[in-house]
Trainee: 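This is the structure I want to talk about, given as structure tokens.
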Amino acid sequence: MSFKIASSPHHHNRRSTSSIMQWVALACLPGIAVQAVFFGYGVLVQLLLAIITAWLAEAVILIIRRKAVLPRLTDHSALVTALLLAVSIPPYAPWWVIVIGTAFAIIFVKQLYGGLGNNLFNPAMAAYVLLLISFPVQMTQWLAPLPLQAVTLSPLDAFCAVFTQFSCGGFSIAQLQQGIDGITVATPLDMVRTDLAQGYTLTESYTKPVFQGIAGVGWFWVNLAYLAGGLLLIQQKIISWRIPAALLFGLFTLSALGWLAASDANPSPVFHLFSGATMLAAFFIATDPVSASTTDRGRLYYGVLIGVLVYVIRTFGGYPDAVAFAVLLANMCVPLIDYYTRPRTYGHKAKGSLK
Amino acid sequence: MIQHISKNALALALVAIVCVLVLGSLDLLTKPKIAEQRLLSQLAILQEVLPDATDSRALLADCTQVDAPEQLGRSGQKVYRWRQDNALLAYLLETTAPDGYSGNIDLLVAVSPNGTVLGSRVVSHQETPGLGDKIERRRSDWITLFSGKSATPADATRWAVSKDGGEFDQFTGATITPRAVVNAIYRAALYVQTHPELALLPANCEITP
Amino acid sequence: MTLMTALLALGILALLFGALLGYSAIRFKVESDPLVEQIDDILPQTQCGQCGYPGCRPYAEAIANGDEINKCPPGGEATIKKLAELMGVEAKPLNAAQEPSIKRVAFIREDECIGCTKCIQACPVDAILGASKLMHTVIADECTGCDLCVEPCPVDCIDMIPVPVTAERWKWDLQAIPVKLVE
Amino acid sequence: MAKIKYMTEFLLLLISTVLVNNFVLVKFLGLCPFMGVSGKLETAIGMSMATTFVLTLASICSYLVDSYLLAPLDLLYLRTLSFILVIAVVVQFTEMVVHKTSPSLYRLLGIFLPLITTNCAVLGVALLNVNARHNFINSALYGFGAAVGFSLVLILFAATRERLAAADVPTPFKGAAIAMITAGLMSLAFMGFSGLVRTV
Amino acid sequence: MSTVKELSLQGLWKNNPGLVQLLGLCPLLGVTNTLTNAIGLGLATLLVLVGSNVVVSLVRTQVPNEIRIPIFVMIIATFVTVIQLLMNAYTFGLYQSLGIFLPLIVTNCAIIGRAEAYASKNPVLPSAIDGFMMGVGFLLVLLVLGAMREILGQGTLFDGADLLLGTWASALRIEVFHSDNHFLLAMLPPGAFIGMGLLIALKNSIDQRQARKLAVTKGTITRARVTGTAQ
Amino acid sequence: MPSLFQQIQAGTLWDFHGGIHPPVRKSITSRKPIGLMPLPSRLYVPFRQHIGVSGQILVTQGQYVLKGQALTSADNAMTVPVHSPTSGTILAITEHTSPHPSALPEKVFVIEPDGLEQWRPRQPLNIATADQQMILERIQDSGIAGMGGAGFPTHIKAGMQQPVDYLIVNAVECEPYISADDALMQEAPTTIVKGIDILCKLLNPKAVLIGIEEDKPIAIAALKAACSQREHYFVRPVPVKYPSGGEKQLIQLLTNKEVPAGRRPADIGIVMHNVGTLFAVAQAVLDDHPLISRIVTVTGETLLNPQNVHALLGTPVADLLSFCGFQAEPQQKVIMGGPMMGFTLPDLSVPVVKTTNCILAPSAQELPDAGPELDCIRCGACADACPATLLPQQLLWYSKAKDHDKLKEYHLSDCIECGACAYVCPSEIPLVQYYRIAKAEIREQQRETLKAEQAKARFEARNARLEAEKQARLARNQQLAAERQQNQQQTGAKDAVAEALARIKAKQAESIAETSHDAIVAERELKKQQAREYQAQKALKAATEQIGEVDAAPTPVSEDPRQAAVAAAIARAKAKKAATEQVGEAATAPTPVSEDPRQAAVAAAIARAKAKKAATEQVGEADTAPTPVSEDPRQAAVAAAIARAKAKKAATEHASEQLAQQEHDVPISHSDTAPAPANEDPRQAAVAAAIARAKARKAAVKSEGEEG
Ligand SMILES: Cc1cc2nc3c(=O)[nH]c(=O)nc-3n(C[C@H](O)[C@H](O)[C@H](O)COP(=O)(O)O)c2cc1C
Ligand SMILES: Cc1cc2nc3c(=O)[nH]c(=O)nc-3n(C[C@H](O)[C@H](O)[C@H](O)COP(=O)(O)O)c2cc1C
Ligand SMILES: Cc1cc2nc3c(=O)[nH]c(=O)nc-3n(C[C@H](O)[C@H](O)[C@H](O)COP(=O)(O)O)c2cc1C
Ligand SMILES: Cc1cc2nc3c(=O)[nH]c(=O)nc-3n(C[C@H](O)[C@H](O)[C@H](O)CO)c2cc1C
Ligand code: SF4
Ligand code: SF4
Ligand code: SF4
Ligand code: SF4
Ligand code: FES
């Protein structure tokens, strides 16, 4: 008879890393669905491409590094990365954009640091920024939301558009970008930025068709869907409430201040909270456990920092949506935040207290 | 102690003197050449905008600074005047588009006194590389489109990007930059037309080193 | 003419600066800092000479004078890391090809020992005790495992044996526990 | 009113040097110490303090030398020579004084002082000040801002590298290579600040 | 002769100022967006390195210790200014595009580092060789990085060679591939850092492969070690 | 705001950070009566079953022992004896697999029971008349060590001189499965309360707090009833949460106090005892019933009849399991202790000891193996669960990187190895395992640095000595040369002035040589002294840093051994000097040593002769009465060692005491307080061992000769 040797504890609760990642992916689904409805099926094609690329890239690197491939592929972290990147880029960006982005995320930002858990930066967001500054044209190809689309695309069209930049019917992306009124439609955030830069007031800007609804057509619903998914994650105790709350708090406070000071030059807090990638960022991106702060106090600082940066860059910076930059900048600060927010260990005096 | 100090001091001074000697002599040798190079480089830009200008040195000297922030983007812009046989053939204006995507776009525009654009170049800008930077001559020919276009106050609709119904193409995904450039050039051309006294202002630019 | 002014200006400037530095060199003189001591404290004090110096202290002096920090195999990566930190340089991989092996101590097979005392002379830390012409023995606790005594022994009766594992020293290596069959 | 205008101008200058045109990540100045002394947080903090001190002092000194010695005498070609002389002397003098007067301070930043002479950022600040024709206050502020920007990224980078030290980085990338890539990603993040301060 | 070999090996590979010592990084990253810039700055640095090494080595015995550094930097600054003046006079375009990095050769840590570490301790000839080899090592890194970034970032090689060599050289410009979508990242600061990181990693992995091969052929035992297991 | 004491009296409970709620599974055994086991065929009683040093053996192989008879003696404060669990014969005193995760062999008494259960005479104490000293001695002599897990000698905790505010009785039993204390409380609440009474008499606390988890209603009722007469005994049901039974956690739970890091609860006026310990105390004092048995929970799905068993110490686990109907699976895990903190057994012959509260033989579905270890995703679940408010993911990170400084910064030493973090980790990382390895490495490294310091001192001393010898030789050579020159000059009949000069020179050389030699010797002494002081200072520093450890008796511990060490070291230095001088002379017999080569040769010959003689006979004598053959260095060494040995016995005792404590407790730098004795001891031991080996060899040769 032989005996098994193991080290204590001999008992584990059974929520595994891969199931956590699966939950995250699951919680994304409402958001993805709304995105697909409002902005076309391109997002699904992008998703497919991203996931395949992510798996391939991960597998190749693991094989080169002589590590077990299967356990690491099935932890599904690459899947989440791919998913979050795919929903961040314009749905009809050419196929090589998402391929380059995902490969960069997995290879450079994740695996070069040693793989899951070792990376300092959020892979999806680093890849997004890379794509944004490398291929600004493709990365600003947002189509008009469904109610405003002059031409609606079938799922098949989506494939054609992503791979050839023309719909199967032969419309170019530039044509597709034109709304029903023949005017190219940018995202509401971009529009606000552009119009303010052009010297319009917000009231003037809001008359445009993109701004129907609380925060622009479609975007409000997208954000709402991600909010719902995020609340599910909190309820499942997969993410802690601290980061999203702090982030939204930071963004809300600053934008409220700005709005109260000059409501015609600064969009309302609600607009900020429900535009662009705010909710996605708050619940899915800023909460990436690997690159976020891990201490309770640190998470609050980290969230507020992102919120503030988002507002500052959206308002004063050169980019319409600032989530990716803000997250990366905050990632940079995480080691320092973590270091200075260590909790007081049992039996030790609090740092700085003269007890 | 004094000895030690003076030894140090003298050593350092000696090295300094040797170095200065070397550099001073080299400076004397190269000074004319450098001055010439500098002049040439300044002329090169002017010449690009106004290829026909022959005696560019005179052009460089015949320069006045004007304060018209409304029309030329900021105050203290230089206006060079190209004259041949005492006839004023063209102005070269520094102008600035204040409403670029990420900041000011500095331009040099050559305009004939009757408001026809003879040439234009972007001198500096902060537009997004790959998107807004197609206004550079290095990146595309777009900026040369303006040569030969005339501008009158009545032309306002024509002087716009095609998206706004004008005759200048914007580039994909970036309308703001072209819009800003078009407007700036238009304003500069109008400014020349509405300010004939420009020709008479004394040359008062300090020569940039 | 400008050359003259240049010479004068910079010459005087340099003269002043030189004087300033010369003065402060005397005025603010400080004795050398005890770097060697600090380095020596980091070295493992095995005194094995594998670094190419006769003992740790000479190597410490050499490091202070700019030698590489990666020459001490017994110290291993940890020592290199600490030295790198102290000296403010990048840590380098260990120089020697082999990693430091598991800890060993010398053991004299006493019935073969002829008592020639060669090992005593070789031992850098006086960890060998014995009577001349009789047997010698190694005080296991004082032996640093440098193996310097192995070579001089004319009858090859010194072995380097792994330090025995005791419950206190035991390292919770699960692989090391034999999985036994019990009837 | 004018005061407010000045204050905002100063603030913008500071933001621009610290964040938008960060010396290390955007302008590529002072990279050697950025790479060299970022291994440990404590050393990075020491280096930051030393650099801040020297950088501010050096930009002041070089401003003085430039506008009261070189410019009047028309010796502009001696700029590099005289600036670096000033910097080297300032640095060495500071080091000696600190070494003697405050051993604790010396332990904190003494060993970094000699390194600063060869920090491009110092000479860079002096030259950029001259190029941008900053006045006295702006020169000092620019030097200070550059130093703060340098310190900020140095300290962040050091904390990051401490975490990196324990990461399971593939062997060829261990050490300098992954540090470079990290710096690259940091610089990627810093691109987010571009356009924050519009050139006036 | 073997010192020449050793010095070359050190400068070009083992102790390469850019890849190993991580010195002179600012110009290395700052001016490598085109190959032409890289060559220009590399050559300038090479000249300064050789010159300053020779002069430092010549005066090394006369220099009082506490003003050593000021003297060295002055020597270096002189060389740099000489080159600056010459470039200004004869390759004005390049002078402009190298910008501030030209005077910054003075503080290129690699140069003062060599002056301190080698030239101030060795006679003239080896110092000159050391300077040359280090300079060439540095130049090579500049070249590789410059080529990498230029190809990726704008699809060309030797863009703007005329700035360095005169108008005839614009013929040198090679369009490696043409595409509307260049990988802009390569031209921007992040690209410089990442490219450099990749180069260092490449060198490391070559070294490691070499070391592994060496270990196999040479065996590892360096010292007689008797390690029986008695008892 | 009521005072803390009022709050405690009023029954306020506090909370501690973290904690987990694993399924408890106690009902399997808690409602069943305690099983009584038949006598096993063999009992394996380890010498040492507590933290500390084992006592001196009192019995010999083959001896008949009575039930309760002491097998070892408690000759030292950190020692508690072990007793024979039943009457029978000592079959052997040998090595046997230890109940320790390492499963390394340790010394045991193997006892064959005779089935008669004959007790030794028993003398119960009258608690009313007995004084404290007597009670404490009785507790110690009865072999009582903490039964809550750590096995710390109870008499030390009970004999504390510091004022005690609260005696906390740990009846929490928070680990899943275990119900041994529960069963005991149901069975014998009054005895437990008597135990509390005894400790109250010893410690005189303001209040007694009995912490017990809410899911043990019967035990709570029983204890409440038993305590009803005593108004300062408070039974405090606490919420079910693991690890509320941890000492520090329970203190925080019941009193809202924290034990400062590196200190003992005693420092904040608290003493905690497990209920089992109190029961044992009552039995020992009132019945003179030493600790020879305990209740062990034997449970798990592979058992037909899981139950609490009253087991004799020394009972092999195999017997216990088969008593409960063990049906092993092919790949069976058998855990000694609970599922959270217990360790697996590699073999079932391991005996039950004083700290064994549970034997768990789960089926594979019941407690499945941990899955493959994935990468830490820094989710922070571990930090949320850690009762010590540590950052386990950070500790993991630095444990992997072997960054010991950082581990210290992140307070690895405050980890109580409760396993809560590993329980919640989604990546199934065996966190505790990493910490244990890291802790072992840190300990090892501390030992190494200590050793390195000693090695350095010795190396320097040796260098100084070699240098001195070289100087001396040089001086001699010079002198000889001068003499030769003189002779030559004399024969050559040079002028007198030169001759005189030469003489003066020679003389000078001589005196220089002499003085310098003396100086060097003195300097060497000085250096050694400095080295020792250096070490001592370091030790002192380390000691003050960790004052917590030594505070029980700080002065004697930190002072005594040092003095002894200095004295010993001086003695050793002298002995060594003599020894090495003789080695030099006798072994190489070099001419420069003596001026007259002939004389030297004679001396060498004598030495050789004596050495030969020594080789044949003196080995046996050495340890009893060293023959005054002063040339023999080994003898000198032996003599010195023996001389030292006595002078230092006290010191070594201290040292080993501390060593024993370190085994349990992380901060090893403790032993810095007595570095010299630690390195002194082995020397003595080595010589002794060598002699023993020589003896054995001689005996072997002899017997061979006799046979042959
Ligand atoms: C990161 C980023 C950089 C951009 N840079 C520019 C730019 O430099 N110039 C420009 O005109 N538009 C730029 N844009 C695009 C504008 O935001 C906007 O999409 C566009 O100009 C709207 O005009 P259009 O659709 O009418 O072309 C950029 C957009 C993004 C997201
Ligand atoms: C995580 C952990 C859990 C513990 N749980 C209990 C427990 O449930 N019951 C108990 O008596 N001791 C428990 N202990 C041991 C106590 O900390 C403490 O050692 C004991 O109560 C002291 O009493 P003793 O000296 O009588 O053994 C636990 C220790 C740890 C580290
Ligand atoms: C090395 C060591 C020294 C101790 N010294 C004392 C002491 O002086 N006084 C005391 O009351 N308890 C002392 N203890 C007992 C502990 O405080 C604690 O009760 C014991 O370790 C059991 O706790 P546990 O099972 O939770 O680990 C000591 C324990 C150890 C390990
Ligand atoms: C709540 C949660 C959020 C996540 N967010 C991201 C994300 O924003 N970007 C990303 O690349 N991966 C994300 N991941 C997946 C995973 O953590 C990521 O791939 C690691 O950063 C890779 O080391 C997330 C995972 C979880 C559990
Ligand atoms: S190699 Fe040996 S002698 Fe040299 S420093 Fe290391 S331990 Fe000491
Ligand atoms: S060297 Fe060998 S033979 Fe000689 S004394 Fe030492 S062990 Fe004995
Ligand atoms: S619970 Fe596990 S995966 Fe989560 S942070 Fe802790 S160690 Fe990492
Ligand atoms: S084992 Fe240590 S780190 Fe883990 S939860 Fe328990 S005390 Fe905290
Ligand atoms: S080259 Fe070294 S700091 Fe710039």
Side-chain angles (χ1 to χ4, degrees), chain C residues 40-47 54-57 74-75 77-78 81-82 85 103 108 110-111 115-118 120-121 123-127 129-144 146 164-174 176-183, chain F residues 98 100-104 106 318 346-349 402 404 433 436-437 440-441 443-445 447-448 451-456 458-463 576 579-580 582-583 586-588 607-608 611-612 614-615 632-635 637 659 662-663 678-679 681-683 686-687 689-690 693-694 697:
Chain C
D40 199 29
D41 272 347
I42 292 175
L43 293 175
Q45 305 299 335
T46 309
Q47 319 293 359
C56 300
R57 177 137 192 129
E77 299 294 339
K81 242 192 329 204
K82 281 198 208 132
E85 222 163 77
K103 276 228 97 54
I108 298 180
E110 278 149 16
D111 26 357
C116 70
T117 75
K118 288 246 164 56
I120 293 198
Q121 290 159 32
C123 179
V125 291
D126 281 346
L129 215 62
S132 76
K133 306 274 159 68
L134 290 173
M135 54 137 219
H136 282 53
T137 191
V138 174
I139 303 153
D141 239 56
E142 298 193 358
C143 174
T144 61
C146 69
V165 190
T166 57
E168 304 93 84
R169 288 196 114 113
W170 180 72
K171 275 215 201 122
W172 288 89
D173 182 7
L174 277 184
I177 307 176
V179 177
K180 274 195 201 163
L181 290 172
V182 181
E183 64 292 341
Chain F
S98 63
H100 181 264
S102 69
L104 286 168
E106 65 168 359
D347 130 15
L348 296 188
S349 64
K402 299 199 191 308
H404 295 170
Q433 180 69 8
R436 287 186 189 126
I437 292 173
E441 267 162 10
R443 242 178 343 242
E444 181 70 25
Q445 206 189 3
R447 219 171 325 205
E448 288 289 301
K451 239 182 114 174
E453 263 160 37
Q454 292 164 355
K456 184 172 161 189
R458 285 200 308 273
F459 177 66
E460 270 160 14
R462 177 187 145 95
N463 276 359
K576 201 171 213 168
T580 40
Q582 281 147 4
V583 168
T588 48
R608 268 198 302 276
K612 226 172 227 155
D632 193 321
R634 196 176 78 205
Q635 237 175 6
L659 274 174
Q662 288 146 19
E663 274 167 44
N679 81 31
D681 214 13
R683 200 170 259 276
V687 173
R693 282 193 295 270
R697 205 159 59 233

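In what follows, every chain begins at residue 1, and chains take the letters A, B, ... in the order their sequences are listed. Everything numeric in this text was worked out from a predicted model, so none of it was measured.
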Trainee: Going by salt bridge (Lys or Arg N to Asp or Glu O under 4.0 Å), name the residues that satisfy it together with E106(F), two or more places apart in sequence or in a different chain.
Mentor: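 E106(F): no salt bridge (Lys or Arg N to Asp or Glu O under 4.0 Å) contacts found.
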
Trainee: Tell me, please, which residues at least two apart from A440(F) pass side chain to side chain contact (heavy atoms under 4.5 Å, CB included).
Mentor: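 Checked A440(F) against side chain to side chain contact (heavy atoms under 4.5 Å, CB included); matches are K171(C), R443(F).
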
Trainee: Should R462(F) and D126(C) count as an ion pair when the cut-off is N to O under 4.0 Å?
Mentor: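 Salt bridge: yes.
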
Trainee: With side chains defined as the heavy atoms from C-beta onward, is the minimum distance between R458(F) and E142(C) less than 4.5 Å?
Mentor: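 Side-chain contact under 4.5 Å: yes.
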
Trainee: Rounded to the nearest 0.5 Å, how far apart are CD of E448(F) and OG1 of T144(C)?
Mentor: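 Spacing of CD (E448(F)) from OG1 (T144(C)) equals 10.0 Å.
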
Trainee: Among K402(F), K451(F), Q445(F), which residue forms the greatest number of heavy-atom pairs with chain C at distances under 4.5 Å?
Mentor: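 Top option by heavy-atom pairs under 4.5 Å: K451(F).
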
Trainee: Can D41(C) and K456(F) be counted as an ion pair, charged N to O under 4.0 angstrom?
Mentor: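 K456(F) and D41(C): salt-bridged.
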
